[in-house]
J.: 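Quick one: the structure is below, and I'll ask about it shortly.
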Amino acid sequence: MGLLSDPNRRRALTNLLTRLNAPICVVCYLAGVMWFMGLAFEPFTLRTYMSENAMGSTMVEEHFPAGERALATGREFAAHKKKVGGMPVNWLVKTMESRGLEVFTQSFTRKLPFPDENKERYLVRGTNVYGILRAPRASRTEALVLTAPCSQGNANNQAVGLLLGLAQYFRSQVYWAKDIIFLVNEHDLIGMQAWLEGYHHTNTTGGDWSPLHGRGGSIQASLSLELSSDVITSLDLVLEGLNGQLPNLDLANLFHAFCQKIGVLCTIQGKLQRNDWESTSGYSHSAQTMMLMVLKQASGRPWGDHGLFLRYHIEAATIRGINSFRQYKTDTTTIGRLLEGMYRKLNNLLERLHQSYFFYLMPSLTRFVSIGYYMPAFGLLAVILLLRVSFHLSDRRGLGVGLTRYPGVLSILTPVVISHMTGVALYCLPVMSQEMAVQHFPVSETEAVVLTAIAIYTAGLALPHNTHRYTLPLVLKLVALLYLAVLLGCTALINFSLGFILALSLVPIAAFITPHTHKPLSAAIMVLLSPGCTLLYCVLIFQELQETPVSLQDGWMLFLSVISQGILDHSLYGSLVYPLLALLIYPCWLLLWNILFWK
Amino acid sequence: MAKAGQFFSSGHTNNWAVLVCTSRFWFNYRHVANTLSVYRSVKRLGIPDSHIVLMLADDMACNHRNPKPATVFSHKNMELNVYGDDVEVDYRGYEVTVENFLRVLTGRLPPSTPRSKRLLSDDRSNILIYLTGHGGNGFLKFQDSEEISNVELADAFEQMWTKRRYNELLFIIDTCQGASMYERFYSPNIMALASSQVGEDSLSHQPDLAIGVHLMDRYTFYLLEFLEDIHPSSTTNMKDLFKVCPKSQCVSTPGHRTDLFLRDPGSVLITDFFGSVRKVEITTDTINLTAPMVHLEDTRPVRELRTEIQTYMDQLPVAEIIHQKPKQKDWHPPDGFILGLWTLILLVFFKTYGIKHLKHIF
């Protein structure tokens, strides 16, 4: 008879699961970690390939000639920027009009919840300037966007110069089937958010901006350019966007195809590709690249101006020019040709990019793992929680002692509600109480917010534990396990990296915490694996992988700034990491803390 | 007198052409260029627009992405614009569907259809049907949304035969696995050519780096080159057409099917299908038409080779009407030369070593 339908065999199976539960859980955990690390091993990955037929195999010859003129324009832009002390709106409008574009401006104001280190003020005011190149023969139904940020100081002047140079060159061609919008945004992401919201007539984050007078149709793809030097040695591609969303892999394939054709060095995560995957150093190189991508994706912040386009289903990427100490330099004309080629290929698109993957990890620019390959790593971790649930249900000795009557739902509610109220406090209080904190303590607003958050986090450890006279640790543990499983599952679907990292730290403690374990040791482990400390480790590992390792002191400062950045991202752009951690993950962890200190 | 009767009872009296391009989108530029090149040749050889049904699924000349608007090139570096000034497209864009194609072939069109969209052939028409696009084993894709199968096509041709809508039919298809489309034909008097066998892909010829797409498919490219040499009075026959684009040039193996055709392919002229030539015999004798003409029985003997008794007159000198670019042909040494060379080598051999070695050969 079958394995599951035969009652004897089923009992034998459940006995096996019950007896060997802990070893199976450990094996699953190790298997999950091994699977994840194995994703960077080259034979397990696939080579990238162009999936979209319309951006097919034939290439065009690029003819962009005016790199030097673009650099001169960039220098002019820098001079005007310094003179005005911000965005030289009038000069930009005049220059774009002289190149034959339809120019419009948008002014925006944004009230920050607390002044962060960069802005140092509550109110951010700015103007975006954009020019639309209308397709000569097509109707205005689709558009492509090229953006360059107007940064402070001397950054990104060459990017704006190249943008204006390309605008002039593109204007003289007849083969554009889509409108091309050239956008120079102020205050980086804040300006970009205002522009996108104005373009799509939505207002999700509560900013204040003037409506856009000129539109170009639905945007099919967008590239953001960051170039701060006259010559570069390599081009870096940045893909990670808001909430860990990634553009379609075809955009990365397109970039790589053109880099190969033109002969420019291309990197991802700032790391060059290596050919020796058999050696340990080669493997660790790919693993580092992949880990960087995972950490960047888990943080949920947009790592370039392109990151905000993705939520509108516009495939976007940022191309960053890097000038390091290599021999071979690439000039602006070549970069212009690369962008021209990419835009000509995007011009051939008939529908939005959808043929290739939306969920992937890239151990290098030419290799990727798709969701079907990396999700089992998370699945192996999540299955541990389900195994523990089945264990606790079948094995009544540990937590089910004293089961006289079936406890009602209401008795569970108390610890759950208390944990969630603490989470709500962690979410709301830091920003709301910053004025009060500034009055009483000699700290700046940013520090006040961050320190309040940490204070509430630590205060949760001291919550009362003996309000649950009528319930059982078993029920609470089951609830906690199932809650964590659902939470992590949903998180991993949206943002795999975030779900995986949280699973790595939370699943062991959720699986093995009971009231009967050794209290001081378990408490220490729980605190060390709590979400806050996981964040600290991630910050340290990230710095290590970027080859700028920091000491614990600097790491702590960085950690504080990461928390403030997270809160700011949430209120400015709608990033979901901070509310997820504060409102859902932290209460779940508090439930487990409750179980540990059960009397 | 009997000769006059025989004159009017042979072969076909009019020519039609149905040229179909089934794929749309900018990256399928080459299929439109294929069809337009055959259209150009067919028009040049004399078939008028009223006898051509041209079906193009997309407009490449006026596509927004075309850097040279109002042109469709077949050779790179823009040597030959096959769009020209007087293209008459009968079915355009979304009108090119399987249903419309089959209705055109079988004649089952609604009464409101204009004449230019109808195939008004009769039982003395020779029809050229040219299809190109994306295909597979047993089907041809129309417009990225539907397909026509080889069975449907064979049945359509049978309908045409029973309704006496053609005298002879030449079917040319340039798609991947094109030979599968003519496997199922069963009506008489059909000759079929395809650019590739089942399991092979038809490849495209050359991209143009200024336009950014492949301009033509290989088979039709060499077919166009072959047809550029044909003029209305040339006597090239079908056997030369079968030799177009050998495997060395096409990479795929072109195929043909002649078992349903009643005449010997060697006696079928290219202009029987691609051109619209009138059989004219100039005579200065008077013919006395006293008795009524005897109409020869229209038997269609199976497997009897019909030889033509009339010849075609060279109506106009070719060089005056067709201005062609002088072509650089690949020079091959004539076959006789190689034979002569080997004979010379053998003779020298035997002269040197004596005749007694001959017996080792024979």
Side-chain angles (χ1 to χ4, degrees), chain A residues 50-65 133-144 169-180 216-218 220-221 250 254 257-258 261-262 337-355, chain B residues 22-34 57-78 81 83 93-94 133-136 141-145 175-176 201-218 221 251:
Chain A
M50 188 71 86
S51 301
E52 173 70 55
N53 264 334
M55 300 201 303
S57 53
T58 47
M59 294 284 187
V60 295
E61 258 173 2
E62 300 85 16
H63 296 291
F64 178 69
L133 184 143
R134 298 289 181 193
R137 291 171 282 149
S139 53
R140 301 167 178 190
T141 47
E142 290 169 353
L144 299 170
Y169 176 70
F170 284 179
R171 184 69 181 85
S172 58
Q173 310 301 321
V174 296
Y175 46 68
W176 298 113
K178 304 181 203 289
D179 294 344
I180 305 187
S218 96
Q220 306 285 296
D250 264 339
L254 183 69
F258 272 98
K261 178 175 187 236
I262 298 203
R337 293 224 172 120
L338 188 137
L339 289 169
E340 178 200 346
M342 284 184 81
Y343 271 87
R344 259 200 100 167
K345 281 282 169 180
L346 290 171
N347 183 40
N348 283 349
L349 281 178
L350 296 141
E351 40 192 2
R352 286 181 195 272
L353 286 168
H354 67 282
Q355 302 276 8
Chain B
T22 59
S23 38
R24 55 174 36 242
F25 304 140
W26 173 245
F27 55 90
N28 290 322
Y29 184 102
R30 59 188 190 279
H31 296 140
V32 172
N34 288 351
D58 202 356
D59 184 5
M60 293 306 162
C62 298
N63 193 310
H64 308 309
R65 295 166 182 81
N66 195 344
K68 308 272 175 254
T71 58
V72 173
F73 290 107
S74 62
H75 287 60
K76 73 171 176 199
N77 301 326
M78 294 162 284
N81 173 17
Y83 200 63
Y94 288 108
H134 288 289
K141 185 172 79 154
F142 266 69
Q143 301 252 20
D144 221 23
S145 59
T175 64
C176 301
D201 286 339
S202 283
L203 300 180
S204 49
H205 190 230
Q206 40 176 271
D208 182 305
L209 292 174
I211 303 182
V213 283
H214 285 285
L215 294 181
M216 286 270 272
D217 281 329
R218 281 175 192 248
F221 182 81
V251 185

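Throughout, protein chains are lettered first and strands after them, A, B, ... in sequence-line order, and every chain is numbered starting at 1.
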J.: Please find the pair of heavy atoms, one from W26(B) and one from N348(A), that lie closest to each other, and give the distance.
T.: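 That closest heavy-atom pairing would be CD1-OD1, 3.4 Å.
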J.: So which atom in P67(B) and which in Y175(A) form the shortest heavy-atom distance, rounded to 0.1 Å?
T.: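 Minimum heavy-atom separation between P67(B) and Y175(A): CB-CD2, 3.8 Å.
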J.: Which heavy atom in N66(B) sits nearest to a heavy atom in V174(A), and how many Å separate them?
T.: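 In this case the closest contact between N66(B) and V174(A) is O-CG2, 4.4 Å.
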J.: So, using side chain to side chain contact (heavy atoms under 4.5 Å, CB included) as the criterion, who are the partners of A257(A) when residues are at least two apart?
T.: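 Partners of A257(A) under the side chain to side chain contact (heavy atoms under 4.5 Å, CB included) test: M59(A).
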J.: What is the minimum heavy-atom distance between H64(B) and R137(A), and which atoms define it?
T.: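 That closest heavy-atom pairing would be O-NH2, 3.0 Å.
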J.: Which pair of non-hydrogen atoms, one from R344(A) and one from A210(B), has the smallest distance, and what is that distance?
T.: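 Smallest interatomic distance, heavy atoms only, reads NH2-O, 3.3 Å.
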J.: Given heavy-atom pairs under 4.5 angstrom as the criterion, report whether the side chain, backbone, both or neither of N28(B) touches chain A.
T.: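 Neither; nothing under 4.5 Å.
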J.: Which bit of A135(A) is near chain B, if near means a heavy-atom gap under 4.5 Å: side chain, backbone, both or neither?
T.: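 No part of it gets close to chain B.
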J.: At what distance, to the nearest 0.5 angstrom, does CG of N53(A) lie from NE2 of H134(B)?
T.: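 Atom-to-atom, N53(A):CG and H134(B):NE2 are 7.5 Å apart.
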J.: Could I get the full list of salt bridge (charged side-chain N to carboxylate O under 4.0 Å, His left out) partners for E62(A), not counting sequence neighbours?
T.: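 Testing E62(A) for salt bridge (charged side-chain N to carboxylate O under 4.0 Å, His left out), a comparison that skips the adjacent residues, returns K261(A).
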